[in-house]
Peer 1: 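My questions all concern the structure below.
Order of listing sets the numbers, starting from 1, for every ligand and every atom in it.
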Amino acid sequence: MDVFFTKMHGAGNDFILLDNRQKLIQLDSSRISTLCDRHKGIGADGLLVVESDEGKEPRMVYFNADGSRASFCGNGARCFARFLFEMENKDGEEGEVCFMTEAGKITGWISGDAVKITLPTPKNLTLHIPLEIEGKSYELHKIDTGVPHVVLFEDCESLPRSMLEEIGSRIRWHKAFQPEGTNVNFAWRVGERKIKVRTYERGVEGETLACGSGVTASALISHLVLDMDCPIEVSVRSGETLKVYFVKSGPTFREAFLEGPAKKVFVGTIEIT
Ligand SMILES: N[C@@H](CCC[C@H](N)C(=O)O)C(=O)O
């Protein structure tokens with residue numbers, strides 16, 4: 001069957017979006033990984049599906065490029081908000097949409113090129129986790145911003161991608177973070193309220209040009225460990241900038257918001273057998 005798709009990206013983190021409200025598209029992990037393959041398919045870091053049940057809010061279902069399902073994706077949710085907004089034929093350049101994810105209800109605000117979203121309430125915070133890898137000591141900070149993340153502070157501006165992926169992969173698969181594994185963020189401060197982040201993503205099993213939940217995790221940890229104030233700007237590998245807002249609640253956070261560009265790249269049809 002020929003399936004209509006939309007290709008989008010959020011600050012360089014790219015996605016295939018499919019409207020499956022009619023429940024006609026059958027997907028399994030091998031089909032998803034082929035669609036996301038940059039040589040044999042459309043190519044993307046992940047695939048987002050719009051589902052909906054009669055009388056209920058639309059639901060965002062997210063799959064990583066390897067076909068694994070994840071409960072949330074920050075940049076994906078920002079693209080999804082724009083996709084939904086355009087699908088619902090709302091007039092004008094500005095507006096609000098709401099949808100469900102496995103990690104909870106999300107609200108998105110569209111304003112020109114930018115999309116700002118609420119994130120799932122951050123949880124599972126643990127600071128200052130010591131980890132030894134191949135004789136080198138690391139200090140990691142863990143937080144779940146919809147999916148599990150660790151953040152480590154290290155200036156990786158000029159670290160070759162292969163080396164970042166080597167360390168990222170060792171941490172992602174480390175026994176301390178099993179069975180679910182973790183995304184790994186390398187963050188460093190570049191201004192009073194500005195950090196840079198590079199992310200090794202679980203399910204892509206490599207560095208992506210941006211990771212929204214990782215950017216949020218890094219900003220929240222920067223507030224706690226480096227005493228940085230809200231909002232925090234985060235520059236990612238694509239060279240684009242995202243902004244993280246948050247509201248504290250005791251030692252952790254009540255709310256977090258992520259803002260940045262989310263753009264449509266192209267549309268097309270692809271045969272799914
Ligand atoms: N790119 C994402 C995160 C997607 C999920 C992640 N790879 C996982 O499996 O945890 C984002 O923008 O948040």
Side-chain angles (χ1 to χ4, degrees), residues 7-17 29 32-33 35-36 38 43-49 60-83 99 101-104 106 108 114-124 140 142-151 164-165 168-169 171-174 177-187 197-221 234-238 240-244 246 256-263:
K7 179 76 195 291
M8 298 185 75
H9 80 92
N13 202 188
D14 62 341
F15 308 99
I16 301 163
L17 287 98
S29 64
I32 293 164
S33 61
L35 288 171
C36 292
R38 298 198 185 273
D45 294 327
L47 183 141
L48 294 149
V49 186
M60 170 182 119
V61 180
Y62 179 73
F63 299 93
N64 284 310
D66 68 357
S68 60
R69 191 165 169 153
S71 50
F72 186 69
C73 171
N75 286 326
R78 294 188 313 97
C79 291
F80 192 88
R82 179 179 297 288
F83 185 67
F99 52 94
T101 70
E102 271 174 39
I106 301 297
V115 179
K116 182 176 181 179
I117 55 161
T118 54
L119 271 99
T121 309
K123 58 181 189 188
N124 301 341
L140 307 180
K142 187 173 96 167
I143 192 164
D144 187 311
T145 48
V147 284
H149 282 276
V150 294
V151 177
L164 183 130
E165 291 184 337
S169 163
I171 298 172
R172 181 259 187 264
W173 295 103
H174 195 280
F177 306 111
Q178 301 315 312
E180 72 275 22
T182 185
N183 298 284
V184 184
N185 302 278
F186 302 82
V197 173
R198 292 176 69 181
T199 306
Y200 177 96
E201 267 196 57
R202 177 183 79 162
V204 178
E205 304 312 337
E207 183 182 17
T208 53
L209 294 181
C211 173
S213 51
V215 155
T216 307
S218 304
L220 300 182
I221 298 291
V234 186
S235 163
V236 293
R237 208 50 184 165
S238 63
E240 297 189 63
T241 299
L242 292 147
K243 213 170 192 176
V244 178
F246 50 84
F257 304 86
L258 175 69
E259 183 180 51
K263 294 178 187 152

Peer 1: Specify the protein heavy atom at minimum distance from atom 4 (C) of ligand 1: its residue, its atom name, and the distance to 0.1 Å.
Peer 2: E201 OE1, 3.4 Å
Peer 1: Does ligand 1 have a heavy atom under 4.0 Å from the side chain of D45, from its backbone, from both, or from neither?
Peer 2: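 Under 4.0 Å from ligand 1, D45 contributes no heavy atoms.
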Peer 1: Is D14 salt-bridged to K263, cutoff N-O under 4.0 Å?
Peer 2: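 Salt bridge absent between D14 and K263.
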Peer 1: Quick one: does any side-chain atom of S71 pair with a main-chain N or O of G146 as donor and acceptor, under 3.5 Å?
Peer 2: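 Present.
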Peer 1: Tell me whether ligand 1 is touched by V204 - counting only heavy atoms on the residue side and a distance under 4.0 Å.
Peer 2: no
Peer 1: Near F72, which atoms of ligand 1 are under 4.0 Å from a heavy atom of that residue?
Peer 2: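 What qualifies from ligand 1 is 4 (C), 5 (C).
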Peer 1: Among all protein non-hydrogen atoms, which one is nearest to atom 9 (O) of ligand 1, and what is the separation to 0.1 Å?
Peer 2: N64 ND2, 2.8 Å
Peer 1: Is there side-chain contact between K142 and F177, with at least one heavy-atom pair below 4.5 Å?
Peer 2: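 Answer yes - side chains close enough.
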Peer 1: Considering only heavy atoms, which of G46, G10, S213, G76 lies nearest to atom 13 (O) of ligand 1?
Peer 2: S213
Peer 1: Could you find the nearest protein heavy atom to atom 7 (N) of ligand 1 and give me its residue, atom name and distance?
Peer 2: R202 O, 2.7 Å
Peer 1: Between F15 and ligand 1, does any nitrogen or oxygen pair lie at a separation below 3.5 Å?
Peer 2: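 No, no N or O pair falls under 3.5 Å.
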Peer 1: Looking only at distance, does C73 have an N or O less than 3.5 Å from an N or O of ligand 1?
Peer 2: no
Peer 1: Run V49 and F63 through side chain to side chain contact (heavy atoms under 4.5 Å, CB included) and show every step you take.
Peer 2: CA-CA 8 Å; V49 186; F63 299 93; 4.1 Å; yes
Peer 1: According to the interplanar angle, ranging from 0 to 90°, do the rings of F99 and F80 count as parallel (below 30°), tilted (30 to 60°) or perpendicular (above 60°)?
Peer 2: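 Geometry flag for F80 against F99: tilted rings.
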Peer 1: Quick check: does any side chain N or O of Q178 sit under 3.5 Å from a backbone N or O of W173, one acting as donor and the other as acceptor?
Peer 2: yes
Peer 1: Where the side chain of E165 meets the backbone of E207, is there a donor-acceptor pair that is under 3.5 Å apart?
Peer 2: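 Yes; at least one donor-acceptor contact below 3.5 Å.
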Peer 1: Can a salt bridge be assigned to the pair E205 and R172 using a cut-off of 4.0 Å between side-chain N and carboxylate O?
Peer 2: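 Yes, this pair counts.
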Peer 1: Who's the nearest protein heavy-atom neighbour of atom 10 (O) of ligand 1, and how far?
Peer 2: N183 ND2, 2.7 Å
Peer 1: Is G203 close enough to touch ligand 1? Criterion: a residue heavy atom under 4.0 Å from a ligand atom.
Peer 2: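 In this structure, G203 fails to qualify as a contact of ligand 1 - no heavy atom is under 4.0 Å.
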Peer 1: Which ligand 1 atoms are under 4.0 Å away from a heavy-atom of V147?
Peer 2: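 So the atoms of ligand 1 that pass are 10 (O).
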Peer 1: Counting each atom of ligand 1 from 1 as listed, which ones have a heavy atom of G212 under 4.0 Å away?
Peer 2: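 Near G212, meaning under 4.0 Å from one of its heavy atoms, ligand 1 has 11 (C), 12 (O), 13 (O).
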Peer 1: Polar contacts were defined as any N/O atom of the residue lying under 3.5 Å from an N/O atom of the ligand; does this apply to Y62 and ligand 1?
Peer 2: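 No - when backbone and side-chain N and O of Y62 are compared with those of ligand 1, no distance drops under 3.5 Å.
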Peer 1: Would you please say whether a donor-acceptor pair under 3.5 Å links the side chains of D66 and S33?
Peer 2: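 No.
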Peer 1: Under a 4.0 Å heavy-atom limit, does N75 contact ligand 1 with its side chain, its backbone, both, or neither?
Peer 2: both
Peer 1: For H149, which of T216, T199, D144, N185 qualifies under side chain to side chain donor-acceptor pair (under 3.5 Å)?
Peer 2: N185
